[in-house]
Amino acid sequence: MSPHAISRVKKLILMIENNKMTETSLFMENLDEFIYDENKIVTYKWLSNTLQIHVNLAKRLLFMFIQQERNKKDKDGLKVTYFVAGLSIDSNGVKKHLCSVVSEKDLNVVRSKLSPVTSCHIYSVHKVKLKDTNALYATDFEKIKENIFSATSYSAIKFEKAQQRRKEDTVKESQTSASQAPSSVITVKKDAAPISSSTTTHGNKKKTQGKVDIASMFSQQSKPVKKEGEVKKDKPSESKTQNKPEPKKGGMNSFFKTADKTSFKVEESKVVVKEKSPVKNVKSPVEIVNPAKRKGKLSDSEDNRTNKSKRRRIKADLFDSSSDEEMEVLSDEEDEPITCIETEPEKPASPKSPSPKKQKPSPVSNIENTGAAGKKVNTGSSERKDNTESTERKDNTGSTERKRKRVKKLVAKTYKDEDGFMITEKVYETDSTDASDQETPKPPLSKKNGTDNLNNKNKPAQKKKTPPKKASPAKGKQTSMTSFFKKK
Amino acid sequence: MIYSDKPDPDGVGDFITEQSEEADNHVFCRSSSDYQEHNDRFKFKLKDRSFSRQYAHLYSERLMTMRPKLSKAAQDKWGLEFPIRKLHELVHGEKCIVIGTLFKHMELRPSILKEVSEEHNLMPQPIRSKYTEENDILILEDELQRIFLIGDIKASTSVTGPVIAVFGKEPENDAGKFYVEEYCFQHLPNQLPRPIIENDRYIAFISGIEIGGKQEKLFQLQLFIDLVTGQLGDEGQQKATSQIVRVIVAGNSLSQSTQDKDSLNKAKYLTKKTAAGSVEAIKSLDDVLVQLASCVDVDIMAGEFDPSNHTLPQQQLHRCMFPQANSYQTLHNVTNPYDFSVSGVRILGSSGQPIDDIYRYSDIDNRLDMLEKTLEWGHVAPTAPDTLGCYPFYKEDPFIISECPHVYFAANQKDFDSRIHKGADGQEVLLLTVPKFCETSTCVLVNLRNLECQPITFDANFSTDMSADSSPEQDK
C-alpha cells in the first residue's frame, strides 16, 4: 500500500476509535480516493451507484467535497461540470426548456441565458479536463451495464407499476402468442429471453450444477429431477443462440449422416412447448406414438431439417462402436430424444433400453405436447431438451452403471447440436472393460457461439452460466479442424 | 409547474449550497394515469394476413364509409336543394354535388409501369424531393367513373386519396370536365369532451433517436433518460418530472444506416458471417428502454427505419427484441399509427410517414399545415395506398378518423411545432410535430391538463478554452 493510503487508513482508524466516524465522512473518504487516487471521473450517478446512495445525496456529497477541497487549498486542480436547466427563448422565439451540462467556466454564462433557472447542481468532479462528453457518457454507461436493472434504483422517482414480470407471466404470454402464431420463431425466443434475464440466480446454479453433475455421476445414481427443471429453464437462451446460426453451418451438415428427420421435427415441436415442467411429463409413455407423428410431420420439413437429421446419422456413424446407451446419450446431447426412440426399436432386446425409455419420456412428452406446432422454433425447446438430455445422461450413467472395470478418460467429444454449432467437449468417459463406454453427463452445454449477437445479448445471464467452451482438438488429431469452426 | 411557459421552481441550487437539515433522499412517486388503447383496427391477426388482394377494395371501402358523412356535410353546407349525383347520373349544365375520391395525376410521379415499359425506353426517374409540378390535374373518381376537376380547386395543395364533395356543374360544351365552384370534406367528427384533470400530467414524446447512425446523440439521450427517471435536477424539478406519466418513443429509434438492404443482393457466402447492423443498435435501444421502463410507462412505436413491416400500419416491434426491457410490465409495443387515451385525453398520431409522403406530393410547406389538412380530410394517411405503402385492407379502412382526438401528432419532423385547431363543433385538437432527436436533441412534453406543449432540449457544451485552469474562489 502506498504511504498515502496507509496514512489515510490510519486516519480512518483514529476516527473510528474516536467515534467521530459518520457515514458522510466515510463517503467523503471514498470520494477522495476515487478522485485523487484512482483518477476517476466521478459523476453524481456513478457515485450514487457505487456507494449505493440516493442520487441527491450523491450530488450533495460532490458539492461538500468541492467545498472541502477548495477551502483547504487554493488550487485543488479539480474540474467540475454542472447540470443546469431552465427556460430559455431560442432564436425563433419559442420558449423551450433547456437542460445542459456545462463546465464550471461556462456556468454563469449559461445560467444568465436562462430565466428562470429550474435546476443547478454538480454533474461531475474529476482531475482531468474534459474535452467532450464522451468520457462522461462512458463512465456512466459502464456503471449501468454492470447491472442494468438497478440503473435507476437510486433515483428520486419510483413507480409502483414498474414491476418485473415473473417468469410464469412471460411464459404464459409467449404461450398465447405462440399458439396464435405457430410460425413465429421469435415468440419462443422471447419466452426464453426474459426467463434467462430474470433468472440469473438460476444461471449460477446451473454452473455449479454442471460441475456437480460430473461428481454426482460417480457418487449418486438418483435422478436429479429438480435440477432438470431448473437447468432447463436456464437453457432456453442457450439453445436460442445455438439455433440461430444453424443454417449458416450448413456446410458442416455434410459431415453428418442424414439421421432421422423426425428428430428435427421433434426439436421444433419441443421449442413450442411451454414451460410446463417437463418433469411432470416424465412418466407419460408416449414414445411409440411419436415416431408416427413425427414422420408425418417430416414431410413438411425444410432443407435445414434434413441437414440436421443428416448430421445425426453421421454422428451416429462416428460413434459406431458405442453401445445403445452411448447412441442414446449422444443423441440426447443433440437434443434429439427421438433418436433414442428410434434406436430403441432397432435394438429392442437391449438390456439398457428400459433406462433410455425412462429418460425419454420427458423429451418425448414434450414433443407430444408440442405436436401441433410444426414450425422451427428457437431455443426454448432445445434448451429443455438439453436439460432433459443432461438429466437423461445422468440417469443413463447412473442406471446403467455396471460392475465393470472403469477407467476415467478425458476424451474430446464433438457433436453438432441442433443449432448447428459444432460443440466439442472434454468429457470424462469411463472406459469399461467391455467395448461399451459410458459417458458422464456433460456439464451444461457450452455454446460455441456463433454469429448471433442478438442472442448473445439477450442472454448475457446464460453466457455467464455456461462454463467456458472447451476447445479441445476435435477428433483427436485434427486440431486444425476446430479452428475452422470457431467464430471468426 | 416547472414544465410550462412560466415555471416557478423551488429548491433550485439546493445541492450547491450548504446542507439543510433534511436528508437528501426524497423519493417522489410517479403519478399514475388510466390508459386505454384503441389500436385494434391497426393490428393484424397473423392468420388473416393476405397480401394477394388488390387495393381497389380499400378505396371502395373508404368511399363507402365516408359517403354518408360527406353527404351530410355537403347538405349542411349547400342546402338540400342541390341533388347529390353520382357521376354516371350527371346532367349537363345542372348544378349538383358529387362525392368521390380525389386523384391527382402527376407526370413526375414515379411509375413502375413507365420504367419497365419498352416503348418508352425511359431511364429510371431520379429521386426528387417533390414530385409535383404545374401541370398536375385533379380527377374525381367515384364507384363507376372519373371526371376531370377544374375551377376553384387547387391541385398543388391536394393529394390523392381524400374523399371530397364538390359543388358545381358539368358544362355543356366541355363534357368530361366538372367545373368546381366549392368543395368540402367531412365534418370533423365529434369529440368527447376532455375530462378536467386537476394536477399536471405530462406525456413525453421523443422520436428519431436513430441509434446506430452517425448522428446519434447518445449523451443527450442519456440526459433525457436521467431526467425522466428522476436522477437529474434539483428537487423541485424532480418533483415536476414525477408527473410525466408516459413516454412515447415515436419511431425511427434505429437509424437508416442499420438497414442493410444491400446484403440482400450479395451472395450468401459473402454475408454469412456478417451480423446485421440493427443487432447492435437494438441492443443499445434495449438498454435505453430498460432504464426508462423501470420508472415510467413507455410505448414504443415502429418507424420508417425500424425492424417492422414497411407498409402501414406498421405492427408492433416484437417483444423478443427487448428482452431486458420487456421484463417490466411498463413497456408496451404499439402500432404505427397509434391511437390511445390517457386519463380521458384521446391521442392519435403516426411516426411521420404519411406527412412525409404528403410533403413529396404536394406543395404545402409547413408540416403542421399538412397535419391539419389530414385532420380536415378526415384520414390519417390519405396517400396510402397510392404512394405510401399500405396493407390491402378488405373490410375497413382503419385510417379514417371517425373519432376526433384531442392530440394529433406526427413524429420525426424537422422541428417542433404546435397549434390548436378549433373545429366547427367546438372541438379543440392540439396539432403537434415532434422533432427528430438525432438532429435537435429535443423531446416534447404535453401537459394533459391544458394541452400545452413544452419542448425540452438537451445540451452539452464544453468549451475548448484551456486558459482558465484555476478553480474559482469558493467561500472560505
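This structure is a prediction, so every number in the text was calculated from the model and none was measured. Quick note on labels: first sequence line is chain A, next is B, and so on, each numbered from 1.
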Take the angle between the ring planes of B:Phe224 and B:Phe458 and call it parallel below 30°, perpendicular above 60°, tilted in between.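 It falls in the perpendicular class, over 60°.
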Among A:Leu62, A:Val80, A:Val102, which residue forms the greatest number of heavy-atom pairs with chain B at distances under 4.5 Å? A:Val102
Heavy-atom pairs under 4.5 Å with chain B: which of A:Leu61, A:Asn134, A:Asp140, A:Leu87 has the most?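 Winner by heavy-atom pair count: A:Leu87.
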Looking at A:Phe65 and A:Leu78, what are the two nearest heavy atoms and their distance?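 Nearest heavy atoms, A:Phe65 then A:Leu78: CE2-CD1, 3.7 Å.
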What part of [X] gets within 4.5 angstrom of chain B, counting heavy atoms only: side chain, backbone, both, or neither?
X	value
A:Leu98	both
A:Tyr44	side chain
A:Ser88	neither
A:Ile144	side chain

Ion pair present between A:Glu146 and A:Lys143, side-chain N to carboxylate O less than 4.0 angstrom? yes
Closer than 4.0 angstrom, basic N to acidic O: yes or no for B:Arg246 and B:Asp299? yes
Counting only N and O atoms by type, is there a donor-acceptor contact under 3.5 Å from the side chain of B:Thr442 to the main-chain atoms of B:Thr440? yes
Which bit of B:Leu223 comes within less than 4.5 Å of chain A, counting heavy atoms only: side chain, backbone, both or neither? side chain
A:Tyr154 ring center near A:His54 ring center (under 6.0 Å): no
